[in-house]
Number of protein chains: 2
Amino acid sequence: MTSEDPACTQYSRLPSAAACGPFSHAVSRVARLHRIAAGRLLRAIGLYPGQEFLMMHLWDAGATRQSELIKLLELDPSTVTKMLQRLEQAGYVRRSPDPKDRRASLVESTEDGFVLHERVKAAWSELEEQTLTGLDPAEQAELARLLGKVEANLCRTAGDEAGCGK
Amino acid sequence: MTSEDPACTQYSRLPSAAACGPFSHAVSRVARLHRIAAGRLLRAIGLYPGQEFLMMHLWDAGATRQSELIKLLELDPSTVTKMLQRLEQAGYVRRSPDPKDRRASLVESTEDGFVLHERVKAAWSELEEQTLTGLDPAEQAELARLLGKVEANLCRTAGDEAGCGK
DNA sequence: AAGATTACCTTGGTCGGCCAATTAATGCGT
DNA sequence: ACGCATTAATTGGCCGACCAAGGTAATCTT
């Protein structure tokens with residue numbers, strides 16, 4: 001293990017990226033690391049990053065219309081379709097046609113799916129702890145506040161074209 | 001300032017995700033929105049999100065060994081390979097065998113690639129502005145500091161297994 | 001010098017995510 | 001009632017990103 005390039009936190013010799021948009025750069029890096037951490041934790045319980053959100057909604061709300069999931073997760077319809085196909089094949093999810101609307105389909109967690117609930121909660125707690133280690137409550141609150149502002153910013157600029165605003 | 005969260009984030013009726021890991025959830029959302037914003041800006045100039053980092057390094061440092069790019073970008077080797085294949089086919093990048101090491105290959109930006117430089121810088125400035133709108137300098141500094149801590153956290157937990165800490 | 005190890009890159013597979021275009025069902029307007 | 005727009009979901013294509021395996025070249029070991 002050579003410690004040649006502590007690539008994680010060296011802003012010393014960053015490329016133009018840092019000069020152009022240090023925050024965007026930081027956000028990208030944190031996002032990637034966070035995703036990796038989530039992926040590692042979720043893999044152990046048989047899910048891929050992204051799927052846990054969908055399952056959480058299902059655990060939370062029971063049978064849900066697919067279009068509702070799309071709105072809730074703010075994802076592309078095709079993304080949800082494929083995710084559901086995989087989750088269904090994995091046995092964590094069941095889809096049935098909505099009797100009220102024959103073009104819609106209702107999604108719900110299977111028994112196997114519910115089994116994951118506790119493990120996913122544990123994994124997320126672990127992830128949360130990994131993320132926030134060393135941040136005192138005041139810092140956490142400030143981070144939450146600032147992330148909220150950034151999210152609102154990005155959401156607004158994204159919203160004028162495609163549906164972010166629920 | 002409280003949970004008046006406009007449109008995008010209704011923390012009021014969030015699923016278990018928020019209860020389990022509000023920060024992880026926020027990070028995921030910000031990451032996704034940020035990526036979307038970047039994608040929208042980059043698309044207009046012929047790049048996909050992620051490629052701009054690679055090009056920036058090339059513009060910055062000239063001909064670079066592929067393995068160096070992998071270390072710099074902290075990406076999987078196969079990711080870089082495929083990205084380069086696409087960038088090469090798009091005409092933005094040129095690869096040549098390294099005379100010093102016949103298994104390595106040197107990557108450099110083409111003329112067409114350099115043309116993108118200014119536009120990418122502009123796009124990133126725009127992205128940075130979109131991200132940080134409404135944050136005063138003190139908030140920006142605090143956000144940078146906190147993101148740095150989070151990054152270090154995630155980097156550390158990622159490092160004990162695979163290649164973040166090099 | 002021959003063999004084992006490591007480094008560099010590629011291929012093939014999987015997933016999340018997007019867009020564009022399609023089909024099917026519902027609803028609305030006249 | 002009929003036609004037309006809207007909504008629900010799917011398919012196919014593309015890209016970023018990961019892992020697992022593989023092949024070749026350089027280097028270290030013996």
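Letters go in sequence order (proteins before strands), and every chain restarts at 1. Since we're looking at a predicted model, the values are computed, not measured.
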**Student:** What pairs of nitrogen or oxygen atoms, one from the protein and one from nucleotides 3-8 of chain C, lie under 3.5 Å apart?
**Tutor:**
residue, atom, partner, partner atom, Å
dA7(C), N3, R103(B), NH1, 2.9

**Student:** Contacts to DNA chain D from residues 82-92 of chain B, heavy-atom cutoff under 4.0 Å, which residues?
**Tutor:** K82(B), M83(B), R86(B)
**Student:** Identify, with sequence neighbours excluded, every residue that meets salt bridge (Lys or Arg N to Asp or Glu O under 4.0 Å) alongside R102(A).
**Tutor:** none
**Student:** Quick one: side chains of residues 82-94 of chain B, donor-acceptor pairs under 3.5 Å with protein atoms, not counting sequence neighbours, listed by atom name and distance.
**Tutor:**
residue, atom, partner, partner atom, Å
E88(B), OE1, R95(B), NE, 3.4
E88(B), OE1, R95(B), NH2, 3.0
R94(B), NE, E108(B), OE2, 3.4

**Student:** What residues join L106(A) in its hydrophobic cluster, counting side-chain heavy atom gaps under 4.5 Å, either direct or through other members?
**Tutor:** none
**Student:** Hey, what else clusters with L127(B) if you join Ile, Leu, Val, Met, Phe, Trp, Tyr whenever side-chain heavy atoms sit under 4.5 Å?
**Tutor:** L41(B)
**Student:** When the axes are fitted on five pairs at both termini, how much does the helix from dA1(C)-dT30(D) to dT30(C)-dA1(D) curve, in 10° steps?
**Tutor:** 10°
**Student:** Holding to side-chain contact (heavy atoms from CB on, under 4.5 Å), I want the full list of residues that pass it with R32(B), two or more places apart in sequence or in another chain.
**Tutor:** E74(A), L75(A), I36(B)
**Student:** Test of understanding: with side-chain contact (heavy atoms from CB on, under 4.5 Å), list the residues that count as partners of A31(A), not counting sequence neighbours.
**Tutor:** A31(B)
**Student:** Listed by chain and number, what are the salt bridge (Lys or Arg N to Asp or Glu O under 4.0 Å) partners of E118(A), not counting sequence neighbours?
**Tutor:** K121(A)
**Student:** Taking only residues two or more places apart in sequence, or in another chain, which ones meet R43(B) in a salt bridge (Lys or Arg N to Asp or Glu O under 4.0 Å)?
**Tutor:** none
**Student:** My understanding is that only residues two or more places apart in sequence, or in another chain, count here; which of them pass side-chain contact (heavy atoms from CB on, under 4.5 Å) with V30(B)?
**Tutor:** V27(A), L147(A), V150(A), E151(A), L154(A)
**Student:** Judged by modelled atom types alone, do T110(B) and D112(B) share a side-chain donor-acceptor pair under 3.5 Å?
**Tutor:** no
**Student:** Which of these nucleotides, dT10(D), dC18(D), dG16(C), is closest to any side-chain atom of T81(A)?
**Tutor:** dT10(D)
